[in-house]
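Read the numbers this way: they start at 1 and go in the same order the structure lists the ligands and their atoms.
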Amino acid sequence: MSQELFDKANEKLSEIEKYAVNNAEELEKFRIAFLGSKNTIKPLFGQIRHVDADRKKEYGQLVNKLKQTAEAKFTQLQGQLAQSAAADIEVPDLTRPVNADRIGSRHPLSIIEGKIIDIFSRIGFSLSEGPQIEDDWHNFTALNFPPNHPARDMQDTFFLDKELALRTHTSSVQIRHMENNEPPIRVISPGRVFRNETISARAHCQFHQVEGLYVDEGVSFADLKQTLYYFAREMFEKDTEIQFRPSYFPFTEISAEMDISCLVCKKEGCPVCKHTGWVEILGCGMVDPNVLENCNIDSEKYTGFAFGMGIERITMLKYRINDLRLYFENDVRFLEQFSHIIP
Ligand code: DAH
């Protein structure tokens, strides 16, 4: 009887060792047959009472080995199945070039602001910035807007209280800079400005300007013209022409507005230039002596010129954008169009 039991156990052992599975169901069959609560090894343990006394120990070791082998085999088969499942997953072609991450783009106004700063810095202008909340003195009075003067109505102002307002132009930075610096002064001041306007394609309640200021002994209108001529050709095209028209600003005397020849039609006449061949891009003039004196600069000794331009307007001309609202809507379909421009 003993030998028969040994043979049975050895048979089972080789059955387990040879076992192979192809899928999860077959693995489950293995588990039920050899490890489940009604497994086929269990009865062999009970048979030990039929084994001759001198071979009981040997038999005990054999059936224990059977159990351990079944457990080890199960783990091994499980591993094999997992591996072949992984192998079935399609491996991507790792040599393919990657899709570049979308890194976003610069806002067109930032691109143009950067270009303007770059152009003026090449001829010795440095940056000077001021606050967006401004007092009456810096935004109006020191710029020669007398109290209650109708010129204050040229710009619809967002007042915060009696004394403070959102600045309506970057000309306020002229005053701050002249109050704190001695001539020679050569600065540009880019920044955001605010006006109480109804939002439309052609007007907005917030926009950006770049102010320019040059104060020294003997600065003339000819210097102003040459500086702005240089700017126009650098910013637009080499053959861009400029023209000046008389104008009025309280803080300049004489005052002018500058046009550039229309980039779109080359002065043939088109909707962009309203068929005039010219497009206005900035206001400028010789700094009014009162303004110099308000900042404690001797107007007998020094003269200066100033100019102010809208960044939105220049960006519109450069990139043919026809609606101011696009700048502030953050629509990626608009913004993405500038991703190829590396400033
Ligand atoms: N501050 C003016 C405006 O916002 C623009 C301007 C005109 C600035 C003439 C100047 C200047 O410095 O000289 O409309």
Original post:
Does an N or O from T252, backbone or side chain, lie closer than 3.5 Å to an N or O of ligand 1?
Top reply: no
Original post:
Got the closest protein heavy atom to atom 11 (C) of ligand 1, with its distance?
Top reply: F251 CE1, 3.5 Å
Original post:
Taking N or O atoms only and a 3.5 Å limit, does Q209 qualify as a polar contact for ligand 1?
Top reply: yes
**OP:** Under 4.0 Å from a heavy atom of G308: give me the atoms of ligand 1 that qualify, with their elements.
**Re:** 6 (C), 8 (C), 10 (C), 12 (O)
Original post:
Side chains of D7 and Q3: do they bring a donor and an acceptor to under 3.5 Å?
Top reply: yes
Original post:
For ligand 1, does A306 get within less than 4.0 Å through its side chain, its backbone, both, or neither, judged by non-hydrogen atoms?
Top reply: both
Original post:
Identify the closest protein heavy atom to atom 12 (O) of ligand 1: which residue and atom is it, and at what distance?
Top reply: E211 OE2, 2.5 Å
Subject >> Side-chain heavy atoms of Y302 within contact of E217, under 4.5 Å >> reply: yes
Original post:
Checking Y59 side chain against L44 main chain: does a donor-acceptor pair fall under 3.5 Å?
Top reply: yes
**OP:** Determine, for E28 against R31, whether the closest basic-nitrogen to carboxylate-oxygen distance falls under 4.0 angstrom.
**Re:** yes
Original post:
Do you see a donor-acceptor pair shorter than 3.5 Å between the side chains of H50 and E4?
Top reply: no
Original post:
If you count the atoms of ligand 1 from 1 in the order shown, which ones are under 4.0 Å from a heavy atom of S171?
Top reply: 1 (N), 8 (C)
Original post:
So, E197 and H204: side-chain donor and acceptor under 3.5 Å apart, yes or no?
Top reply: no
Original post:
Side chain, backbone, both or neither: which part of R195 comes within less than 4.0 Å of ligand 1 when only heavy atoms are counted?
Top reply: side chain
Subject >> Element-labelled atoms of ligand 1 that are located less than 4.0 Å from some non-hydrogen atom of G285 >> reply: 13 (O)
Subject >> Check: Y319 ring centre within less than 6.0 Å of F338 ring centre >> reply: yes
**OP:** Using a strict cut-off of 4.0 Å, indicate which atoms of ligand 1 neighbour a heavy atom of Q174.
**Re:** 12 (O)
Original post:
Relative to the heavy atoms of G283, which atoms of ligand 1 are at a distance of less than 4.0 Å?
Top reply: 7 (C), 9 (C), 11 (C)
Original post:
For M309, is the nearest heavy atom under 4.0 Å from an atom of ligand 1?
Top reply: no
Original post:
Taking the six-membered ring of Y229, is the NZ or CZ of R233 close enough (under 6.0 Å from the centre) and on axis enough (within 45°)?
Top reply: yes
